[in-house]
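First comes the structure, then the notes that go with it.
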Amino acid sequence: MQNTRSVKVGSVIMGGGFPVSVQTMWKEKLAAVDDEVIARIGRLEALGCDVLRFAVPDLEAAETLGGLAARVPMPLVADIHFDWRIALRCLDFPIAKIRINPGNIGARWKVEELLTKARDRGVPIRIGVNAGSLPEDLRARPDRAAAIVEAAERELAVFEDFGFGEVVVSMKASDVPTTLEVNRLFAERHDYPLHLGVTEAGPLIAGVVKNTAALVPLLREGLGATIRVSLSDSMESEVLAAREILSCAGLARPGISIVSCPRCGRASFDTHAFTARWAERLYSLGKTATVAVMGCVVNGPGEARHADLGITGAGDKVVIFRRGEIVRTIDPKDADTVFAEELEKLE
Ligand code: SF4
C-alpha cells in the first residue's frame, strides 16, 4: 500500500494504511431533511457506504445539508463549485469534508479564506480535478494525464504555501488509461491520499466495467484511500459496485458474497427474480458468508459447495443446502420464508 499521510474525514480516516473507504453521491437535490432521507442513508451505510457527498449549489442547500449533518453519523461531504461563500457557510456545520475544484473558486484570497476557516474547524478538503474542466492553458496539452496532474499540483501549491495539508486529491477522467496514468504519476511524486474513480463512466454495465478496469489495478498497486464508482444509476448500485471492486482487488470487507447461476434451460427455479428480491437484504446483513442461488440440482449444490447457504431448484421442489449438503426440500411457494429462516441460523 502506498505510504500516504492520513486525513480524518469525520469518523473515517483516509490514507495512512487505513481501509479504503467507499463513497457515493446523493443523486437528487436535497430539498429537506426528513425521515425518508435519514432512513435511506441508514440503508446505504448497511450496504457498505462510508462517506456520502452532496452537491451544494447555493446557500440554501448549505443550510439543508448542515441540518442533515447534525442528524446522521455518516461523514457528509459538501461539494462546492464557483462560490467560496457556500463552502464557508458549510463550515459552520458538522460537515466532514469540503470538495472543491479550486480552479473555479477564483481569486487566491478566496481560497485562502476557505483554508483558514477549514483549518480552524479541522475540516479537510478534497481537491477534485476533472479532465473536462482543466484550466484553459492546460486543455490543449497533448499529454492529457500530465496536464491533469499539473492542474492538481497547481492547486496543491496554493494549499502548501498556506501550510494546509489536510488534503485528499482526485484526478478524474472518463476513460481507463488516463485514470490509470494520472494516479500512478501523481503517486510517484506526492503522498496525499487519493480518491479514485472514473468520472462520467456511463450507465450501469459500462460504468462498472470501466471502474473495475481502472480501480482494481490501482488498488492492487496500493494506490487509493477512498473510491467512488460513478454510475448513471442508483447510489445503492454505486456502493455495491465499489464493494465488489474492493473484493476483486483483494480488499474484501466482511459481508455477504452472493454466488448465483446465470440460469439456463435446465433451471426449475428463477435465480434472477430470487436474487433481485434478496440482494439488497443480503448485502445489508451484518454477517460474513457466501450465499448461493442456483437454478437446478445438476450443478447447484455441487458448484456451490463452498457456499455457507444455498437455494436451488430441484424439479418441482426447491432445495436449501448448507456447504453442499441438502438440509431442506420444500415447496417453491415457501422458498422465501424458509430461506429467511435458514439465513437467521447463519453464524
Ligand atoms: S445451475 Fe443449473 S440452471 Fe443454473 S446455469 Fe447451471 S445448469 Fe443451468
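Atoms within a ligand are numbered from 1 in the order they appear, just like the ligands themselves. Since we're looking at a predicted model, the values are computed, not measured. Positions are given from 1, in the same order as the sequence printed here.
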Does Cys296 bring an N, O or S atom to within less than 2.8 Å of atom 2 (Fe) of ligand 1?
-> yes

Considering only heavy atoms of Arg266, which atoms of ligand 1 have at least one such atom less than 4.0 Å away?
-> 7 (S)

Are any of the side-chain nitrogens in Glu166 or Lys8 under 4.0 Å away from the carboxylate oxygens of its partner?
-> no

Listed by chain and number, what are the side-chain hydrogen bond (donor to acceptor under 3.5 Å, both in side chains) partners of Arg328, not counting sequence neighbours?
-> Glu341, Glu342

Is there a donor in the side chain of Ser174 and an acceptor in the side chain of Glu200, or the other way round, less than 3.5 Å apart?
-> no

Check side-chain hydrogen bond (donor to acceptor under 3.5 Å, both in side chains) between Arg5 and all other residues, then give those that pass, not counting sequence neighbours.
-> Asp191

May I ask you to list the atoms of ligand 1 that are less than 4.0 angstrom from any heavy atom of Ala267?
-> 3 (S)

